[in-house]
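Before any comments, here is the structure.
In what follows, chains are A, B, ... by sequence order, proteins preceding strands, each numbered from 1. Keep in mind the model is a prediction, meaning the values are calculated, not measured.
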There are 2 protein chains.
Amino acid sequence: MKLSTRGRYGLKAMFDLALHFGDGPISLTSIAERQAISVNYLEQLISPLRKAGLVKSVRGAQGGYMLAKAPEMITVGIILTTLEGPLAPTDCVADDEETCDHTHYCVTKVIYEKIYESIKGVVNAITLQHMIDDFHENSNHIIENICECK
Amino acid sequence: MKLSTRGRYGLKAMFDLALHFGDGPISLTSIAERQAISVNYLEQLISPLRKAGLVKSVRGAQGGYMLAKAPEMITVGIILTTLEGPLAPTDCVADDEETCDHTHYCVTKVIYEKIYESIKGVVNAITLQHMIDDFHENSNHIIENICECK
DNA sequence: TTTAAAGTTGACTCAATTAATCGGATATAT
DNA sequence: ATATATCCGATTAATTGAGTCAACTTTAAA
């Protein structure tokens, strides 16, 4: 039931981009340095985020990435789902999954559905803007190394 | 963010035992057959459940396992946690984990804590008795193969 | 008392997934 | 041109998950 580094690193990177929203393209190198992530690995994560329309890229020198929408339009849920797939405790309750072949009632599936709904409820309610507000209220404005959260 | 077969199979097995609560010891072989799980693997799962005081065993011929408490006293949460460890999305918010070495505020950790709390809220509120009631109301009383829920 | 059923334990294998690393290709400001 | 980027695919190393297996202990019943 753990998030992988894909989701955790990706969320950190997106938050970093959100803090720089409106500042023009931000290079992966600078994000990787601030967040202590391998650039090579970060490249792998930013690609699906771009394909999902969450960030846009500028190629070439002085290029980089920026959010494709305002921070209040991007939820933690869409970020994590893009990188990890559905945040469902089992495949049988994931949105894109066909249902089990069992015709009769499944008492465990009901439980997994409730877990899934509750997780979605949390992550879909939090946007990057909420994270920014939280950051400005509670941190000392230290952008570097949000947390390893291994 | 998936449950492993440990939690899923273990929950099925515990539900099976709950349906037979009061009937004396139930052999692993019979549970394994009804729930379509390998006996050898199930042996691995029942051991921690016994050590956690959720089931008790009777050794020897005609032996087997039974719930150590009434079904309404055993939550889905304690079963899953016993088999999977804390249902936390990251190690840094798991109960038994020491906190990150970072002294400053972590905006992502706050999110992971909310996810964790919401998951615990769901699984700790459901007991085996709830599952039994649900089963009797909505199924056709087919004990075998609750669901593979891969 | 013998036998077979059943629990108990730990080691072991195999496959899949995760987490990166690396090399090279393309694009573009300066 | 050149330095700085994004892009893309292949490869690898490490970890975890899932299941098997063998050996041993306990105990009911013949």
Open item on the list: Show the nearest heavy-atom pair for residues L42(A) and A13(A), with the distance to one decimal.
Closed with: CD1-CB, 3.9 Å
Task: Between dA19(C) (P) and L83(A) (CG): distance, integer Å - done: 11 Å
Task: Donor-acceptor contact present, side-chain R8(B) to main-chain L3(B), <3.5 Å - done: yes
Open item on the list: Would the distance check show the side chain of R6(B) and the main-chain N or O of E84(B) forming a donor-acceptor pair, the cut-off being under 3.5 Å?
Closed with: no
TODO: Let me know the distance between NZ of K51(B) and C1' of dT8(C), rounded to the nearest Å.
DONE: 9 Å
Open item on the list: If I take atom CG in residue L42(A) and atom P in nucleotide dT18(C), what distance separates them, rounded to the nearest angstrom?
Closed with: 18 Å
Open item on the list: Using a strict threshold of under 4.0 Å (side-chain N to carboxylate O), is an ion pair present between E117(B) and K120(B)?
Closed with: yes
Open item on the list: Taking any heavy-atom pair under 4.0 Å as a contact, classify L28(A): base, sugar-phosphate, or nothing.
Closed with: sugar-phosphate
- [ ] Examine dT8(C): is either OP1 or OP2 under 4.0 Å from a nitrogen or oxygen in the side chain of S57(B)? Give yes or no.
- [x] yes
Task: Per-nucleotide protein contact string for nucleotides 14-30 of chain D, where B marks a base within reach and S marks sugar-phosphate only (heavy atoms under 4.0 Å, - for neither) - done: ----SBBB---BBBS--
- [ ] Could you tell me which non-hydrogen atom of L87(A) sits nearest to which non-hydrogen atom of I119(A), and how far apart they are?
- [x] O-CD1, 3.7 Å
Task: Spacing of I31(B) atom CD1 relative to dA6(C) atom C1', expressed in whole Å - done: 12 Å
Open item on the list: Has S30(B) got a side-chain atom pairing as donor or acceptor with S27(B)'s backbone, closer than 3.5 angstrom?
Closed with: yes
TODO: Give the rounded distance in Å between these two atoms: CE of M66(B) and P of dG7(C).
DONE: 10 Å
